[in-house]
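Single-structure report; data block below.
The chain is numbered in sequence order, starting from 1.
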Amino acid sequence: PEPRRTSNRGRPRCGERWVLVLLCLYAKSVNTRWRDIPEKLSLCDFLLEQNLLAYIPSKSTFHRVWQDTPVSSIESLIRSIGYKVAIIGGDIAFAVDSSGFKIIVGCIWRLLKWEVKKLTKTASIFKKVHIGVSLPSRAIVTITTTLSTTHDSVASGILFKNLSKRLLKKYKRMYGDSAYWSENILGWLAQEGVVPVIPPKANSKDHGTNSPQDLIVRAHTHYIGLYTRNFHPEFRAGVEHVFGCVKLDDLRIFDRKPSNQIKTLLTPFLWYNFELYERNLSSVLL
């Protein structure tokens with residue numbers, strides 16, 4: 001949304017806010033520094049010809065717009081584009097997982113400590129991205145970021161809360177690893193009518209009740225190979241496919257502010273969803 005202006009005085013606007021935000025997102029996705037953005041945009045005459053910009057803004061303008069853009073707006077944009085892809089593809093299941101990302105910023109001491117492998121993955125230079133992928137289209141329909149020490153089952157509450165209710169009614173199964181073997185998660189899935197395809201933990205026991213956990217442990221005890229039979233490699237690998245596509249490019253984060261680091265970290269996921277939506281839309285039109 002456009003921020004409220006307290007006064008009409010000052011220099012006229014160089015363009016609509018959504019255009020500036022889009023240019024910031026694209027610049028961050030291709031690892032462009034703030035000082036290089038105006039020079040690169042000076043070669044894009046179509047921005048001025050189509051009246052998208054009145055003139056090429058300075059780097060401080062882009063940096064101020066980037067500072068004012070909240071993380072929730074980028075996450076909402078990723079979810080909305082993923083929702084459109086899932087609706088077009090007629091998906092029937094979803095999978096959840098997480099992956100760690102190293103943020104290459106900070107003092108030289110941290111960099112040297114990491115190079116000699118004395119800095120653990122619980123350090124603050126690591127961030128964890130949790131995503132929910134719709135299947136079989138492999139579109140990201142829910143996403144959140146946490147610290148590297150956060151367990152997957154803890155972040156699942158945020159993922160499920162931001163998941164579209166309309167999509168949830170279409171889903172028949174949820175795929176995940178043993179990290180999502182939790183009483184709260186299984187109870188929520190049973191309440192929503194979604195069948196969990198989650199392997200029980202090695203220390204799981206059947207207590208003789210009718211709880212979702214005991215029913216799954218009982219079924220796996222009496223029917224050897226049940227999980228392997230219900231486990232669709234092409235479905236479960238959908239999450240790994242998304243992380244693989246995102247990590248193909250070397251993402252470098254130059255911002256030092258934590259909120260800006262998270263926004264930069266989310267840009268590859270946004271453009272992944274956008275390219276997937278464009279590809280699916282063109283196939284439907286053809």
Side-chain angles (χ1 to χ4, degrees), residues 25 29 69-101 127-148 150-182 184-198 232 234-247 259 262-280:
L25 287 171
S29 66
T69 304
V71 178
S72 58
S73 296
I74 302 180
E75 293 179 348
S76 177
L77 187 57
I78 295 174
R79 293 195 300 267
S80 61
I81 298 177
Y83 170 81
K84 296 178 181 179
V85 176
I87 291 297
I88 294 175
D91 296 344
I92 58 174
F94 74 104
V96 293
D97 204 353
S98 66
S99 183
F101 290 81
K127 297 294 182 183
K128 214 172 186 180
V129 180
H130 308 259
I131 62 173
V133 176
S134 187
L135 301 171
S137 67
R138 295 180 178 178
I140 305 172
V141 291
T142 179
I143 186 171
T144 186
T145 56
T146 62
L147 298 176
S148 59
T150 305
H151 197 269
D152 290 356
S153 60
V154 177
S156 62
I158 304 176
L159 291 178
F160 297 153
K161 179 182 178 181
N162 295 330
L163 189 62
S164 171
K165 297 298 181 183
R166 183 179 176 185
L167 286 178
L168 188 58
K169 293 180 180 178
K170 296 178 58 178
Y171 293 149
K172 299 179 180 179
R173 291 186 177 185
M174 192 211 83
Y175 296 85
D177 52 24
S178 57
Y180 297 93
W181 180 259
S182 170
N184 294 332
I185 296 176
L186 296 178
W188 177 82
L189 292 173
Q191 182 180 357
E192 298 294 339
V194 181
V195 178
V197 186
I198 302 174
H232 295 276
E234 67 278 8
F235 276 15
R236 178 63 186 86
V239 188
E240 305 298 336
H241 168 81
V242 175
F243 282 122
C245 292
V246 171
K247 290 187 175 183
S259 60
I262 296 176
K263 287 184 284 189
T264 305
L265 185 59
L266 292 176
T267 51
F269 296 93
L270 172 62
W271 289 110
Y272 167 84
N273 257 10
F274 183 76
E275 292 175 355
L276 192 64
Y277 172 70
E278 186 181 9
R279 195 182 315 126
N280 280 266

Chi angles and distances behind the side-chain contact (heavy atoms from CB on, under 4.5 Å) call for E75, V71 | CA-CA 6 Å; E75 293 179 348; V71 178; 3.8 Å; yes
For residues N162 and T142, is any side-chain donor paired with an opposing acceptor at under 3.5 Å?
-> no
Report yes or no: do Y83 and S134 form a side-chain donor-acceptor pair below 3.5 Å?
-> no
Hey, is the main chain of [Y] close enough, under 3.5 Å, to the side chain of [X] for a donor-acceptor pair?
{"X": "S98", "Y": "H130", "result": "no"}
{"X": "D177", "Y": "A179", "result": "yes"}
{"X": "S80", "Y": "S76", "result": "yes"}
{"X": "K127", "Y": "L265", "result": "no"}
{"X": "N273", "Y": "I81", "result": "no"}

Provide the closest heavy-atom pair for [X] versus [Y] in the form atom of the first, atom of the second, distance.
{"X": "A86", "Y": "L167", "result": "CB-CD2, 3.7 Å"}
{"X": "A155", "Y": "T144", "result": "O-CG2, 4.4 Å"}
{"X": "T150", "Y": "K128", "result": "O-NZ, 3.0 Å"}

Could you give the distance from [atom1] ([X]) to [atom2] ([Y]), rounded to the nearest 0.5 Å?
{"X": "Y180", "Y": "I185", "atom1": "OH", "atom2": "CD1", "result": "7.5 Å"}
{"X": "I140", "Y": "L270", "atom1": "CD1", "atom2": "CG", "result": "9.0 Å"}
{"X": "S156", "Y": "H151", "atom1": "OG", "atom2": "NE2", "result": "9.5 Å"}
{"X": "S29", "Y": "L266", "atom1": "OG", "atom2": "CG", "result": "12.5 Å"}
{"X": "T264", "Y": "I74", "atom1": "OG1", "atom2": "CD1", "result": "8.0 Å"}
{"X": "Y175", "Y": "L135", "atom1": "OH", "atom2": "CG", "result": "7.5 Å"}

Can you list the steps and then say if V246 with F101 is a side-chain contact (heavy atoms from CB on, under 4.5 Å)?
-> CA-CA 11 Å; V246 171; F101 290 81; 4.3 Å; yes
Using a cut-off of 6.0 Å, state whether more than 12 heavy atoms not belonging to E192 lie near its atom CD.
-> yes
Quick check: are there more than 12 heavy atoms from other residues, nucleotides or ligands sitting under 6.0 Å from NZ of K247?
-> yes
Are side-chain heavy atoms of [X] and [Y] found at a separation under 4.5 Å?
{"X": "F160", "Y": "M174", "result": "yes"}
{"X": "R79", "Y": "L163", "result": "no"}
{"X": "V96", "Y": "I131", "result": "no"}
{"X": "Y277", "Y": "Y272", "result": "no"}
{"X": "V85", "Y": "I88", "result": "no"}
{"X": "V129", "Y": "T146", "result": "no"}
{"X": "I92", "Y": "Y171", "result": "no"}
{"X": "V133", "Y": "V141", "result": "no"}

Is the Lys NZ or Arg CZ of K170 less than 6.0 Å from the centre of F94's six-membered ring, within 45° of the axis?
-> no
